[in-house]
4 protein chains.
Amino acid sequence: MINRVVLVGRLTKEVELRYTQSGKAAGSFTIAVNRQFTNQQGEREADFINAVIWGKGAENLANFTHKGSLVGVEGRVQTRNYENQQGTRVYVTEVVVDNFSLLEPKSANDGRQSQPVNHSGQNNFNTPNNQPMNDPFTGGRDIDITDEQLPF
Amino acid sequence: MINRVVLVGRLTKEVELRYTQSGKAAGSFTIAVNRQFTNQQGEREADFINAVIWGKGAENLANFTHKGSLVGVEGRVQTRNYENQQGTRVYVTEVVVDNFSLLEPKSANDGRQSQPVNHSGQNNFNTPNNQPMNDPFTGGRDIDITDEQLPF
Amino acid sequence: MINRVVLVGRLTKEVELRYTQSGKAAGSFTIAVNRQFTNQQGEREADFINAVIWGKGAENLANFTHKGSLVGVEGRVQTRNYENQQGTRVYVTEVVVDNFSLLEPKSANDGRQSQPVNHSGQNNFNTPNNQPMNDPFTGGRDIDITDEQLPF
Amino acid sequence: MINRVVLVGRLTKEVELRYTQSGKAAGSFTIAVNRQFTNQQGEREADFINAVIWGKGAENLANFTHKGSLVGVEGRVQTRNYENQQGTRVYVTEVVVDNFSLLEPKSANDGRQSQPVNHSGQNNFNTPNNQPMNDPFTGGRDIDITDEQLPF
DNA sequence: TTTT
DNA sequence: TTTT
């Protein structure tokens, strides 16, 4: 059973951060992905895809993006349903993100990075759990290779 | 802007085929994808993901699958919304499939194929054996819905 | 930076299991993925894609598949190069698998499962490291929060 | 049978455009995708993934990118092999791109677009503004290679 | 150097 | 109930 989604688009607004009782971070957001084709009126429409991200990744995403940020995300499609206050069942489809990448150029971020940077959505971060975030970029050098070093 | 989904799972029921006024086939179905982890009760849950497929691919998918068929699909996540009879806006997220693959072993299908077979969801693909397709629906079926009536 | 691959195909032969000095399992295999189109001679060709899988997942894959097994895999494309015995540089492109799914029907496996089953390729298995495999299906509880605690 | 790849990374150099005898464009390029993790020396490495794109998409990609451009691509993993001059068989793995997206901000391109733009790798897409494309290569370039000479 |  |  395979369930994999990859999206590149822009955040429709800031990531909403929340914490579970056990202290786990959860971020929810919507990513607008422009369609590759235009509609009958010649307009380019977008899909507005809801997504959630858990743990450290939620905090990272919230800290390094804002409304309009261009991001790439990977995850799985999740469906769930619940009964609302009116007693009717509501069906939800959303993407559970487990990895994301900031695709904004340097100037659009805080200037501390020189290119897109990846963040795992779920683990392998060595900051303490649920602490205010340290800068994941500190010390994180990037490629500095020349053409001559390229194997082709 | 990238929007790509890959799913492998089982059809929850037969594909529902419909035709637009212009004669274009549209198939709608739900694919159940078991999650890789179990819930608090130790049960394995599934995501039930709604999907649509257009054109010849819709007919092929309908013709070569049944409830429970194991299929792989590729497509994009689409969101749309409409106003229902009660005047409230309904938001829909579904996968628009543009390629699929039958993953059932030979015996589980009708015997006309010996391995997983691919079908494009959008172009003019033939039957698995590259025979001109014997389409039982063309002409012989009511074409009584409009594009506007289609729920996608 | 996003790098994601999803493949469904058949193993060209059994997974080759090896262990690093530190005892970490590594499995290498080739997956044959039939193309969706035929060549000029009307033949259906395949891509033979090399892959590696690390850790417990390598052992699981090796244990539950054989030559010809239909599998789905997810991973990333990795390139690397090395100097061979003749002193020429060899360039390698392969898929590093971090998740896989057995797509064979029950009878083709050992009978303990009734449907495709997922295995993580790299982590989150709660058996001791590098021990002969326990049954990956036993137990394995997961997150323990309720829907009410969820922020959506 | 499913074979799908999504990559976001930077072009290691300009796209190399060639034309078959029949006039079909073929572009070859390498995309550098930074890994999400660092190696033992704490350096962030990259995968250098070879890719090809056919038809109008090849021309579009060549026209709207340069060395270092950030792009997203979708495609399939292809393997092929040929005998080199020394009579030894060479095995090649590359991505055949059928869709791409420019992820550079406006200023990084030539100013004719205001956001990431999608181009199909296979169909007849126009320029980003839906203007008939001003293709400087059509007719004006040597068409002096055969399909057989193309390395893919 | 390949799967069904 | 939306991004550029």
Side-chain angles (χ1 to χ4, degrees), chain A residues 7-16 28-35 43-51 65-73 103-105 108, chain B residues 1-3 79-83 88-93 101-109 113-118 128, chain C residues 7-16 28-35 43-51 65-73 103-105 108, chain D residues 1-3 79-83 88-93 101-109 113-118 128:
Chain A
L7 304 173
V8 173
R10 292 187 183 279
L11 302 186
T12 61
K13 48 176 177 290
E14 290 214 324
V15 173
E16 287 181 35
S28 58
F29 60 100
T30 299
I31 181 169
V33 184
N34 295 132
R35 294 182 183 165
E43 305 157 332
R44 186 169 303 276
E45 293 179 296
D47 294 293
F48 297 96
I49 301 164
N50 294 320
T65 60
H66 46 77
K67 175 176 172 174
S69 288
L70 185 66
V71 297
V73 305
L103 301 176
E104 293 287 319
Chain B
M1 296 286 180
I2 284 175
N3 182 338
T79 61
R80 59 187 172 84
N81 61 82
Y82 63 91
E83 200 153 320
T88 63
R89 192 141 291 269
V90 180
Y91 294 89
V92 176
T93 299
S101 180
L102 306 180
L103 300 175
E104 294 287 318
K106 178 199 192 116
S107 57
N109 288 311
Q113 56 178 318
S114 61
Q115 58 168 312
V117 173
N118 263 290
Chain C
L7 304 172
V8 173
R10 293 188 182 279
L11 301 186
T12 61
K13 48 176 179 285
E14 291 213 323
V15 173
E16 288 182 36
S28 57
F29 60 100
T30 299
I31 181 168
V33 184
N34 295 132
R35 295 182 183 166
E43 306 156 334
R44 188 170 302 276
E45 295 180 294
D47 293 294
F48 297 97
I49 300 164
N50 293 321
T65 61
H66 45 78
K67 176 177 172 172
S69 288
L70 186 67
V71 297
V73 305
L103 300 176
E104 295 287 318
Chain D
M1 296 287 181
I2 284 175
N3 182 337
T79 61
R80 59 188 171 82
N81 61 80
Y82 62 92
E83 198 153 322
T88 65
R89 191 141 292 267
V90 180
Y91 294 89
V92 176
T93 300
S101 181
L102 307 180
L103 301 175
E104 294 287 319
K106 178 200 193 112
S107 57
N109 288 310
Q113 57 179 321
S114 62
Q115 59 169 310
V117 173
N118 262 289

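Note that the structure is a prediction, hence the values are computed from the model and not measured.
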(message) How many whole angstroms separate atom CD of C/Glu14 from atom C1' of E/dT3?
(response) 13 Å
(request) Would you mind reading off the distance between A/Glu16 atom CD and F/dT2 atom C1', rounded to a whole angstrom? (result) 12 Å
(request) Using modelled atom types only, decide if a donor and an acceptor are shared between the side chain of A/Thr30 and the backbone of A/Thr12 within a distance under 3.5 Å. (result) no
(message) Under a plain distance cut-off of 3.5 Å, with no hydrogens placed, do B/Asn81 and B/Arg89 share a side-chain donor-acceptor pair?
(response) yes
(request) Report the distance from atom CG of A/Asn34 to atom P of F/dT3, rounded to the nearest whole Å. (result) 11 Å
(request) With the side chain of A/Arg10 defined as its heavy atoms from C-beta on, choose the nearest nucleotide among E/dT3, F/dT2, F/dT4. (result) F/dT4
(request) Please state how far atom CD1 in C/Ile31 lies from atom P in E/dT3, giving the value in whole angstrom units. (result) 14 Å
(request) Report yes or no: does C/Arg35 contribute a side-chain atom to a donor-acceptor pair with the main-chain N or O of C/Arg44 at less than 3.5 Å? (result) no
(request) Measure the distance from CZ on B/Arg80 to C1' on F/dT2 and round it to the nearest whole Å. (result) 18 Å
(request) Could you tell me whether the side chain of A/Leu70 reaches within less than 4.5 Å of the side chain of A/Arg10, counting heavy atoms only? (result) yes
(message) Whole angstroms only, please: what is the CD1-P distance between C/Ile49 and E/dT2?
(response) 17 Å
(request) Mind checking C/Gly9 for me? I need base, sugar-phosphate or nothing, with any heavy atom below 4.0 Å counting as a touch. (result) nothing
(request) Using atom CD of C/Glu45 as one end and atom P of E/dT4 as the other, report the distance to the nearest whole Å. (result) 18 Å
(request) Could you state the atom-to-atom distance from CD of C/Glu43 to C1' of E/dT4 in whole Å? (result) 16 Å
(request) Consider the side chain of C/Asn50, meaning its heavy atoms from C-beta on, and name the nucleotide among F/dT2, E/dT2, E/dT4 that approaches it most closely. (result) E/dT2
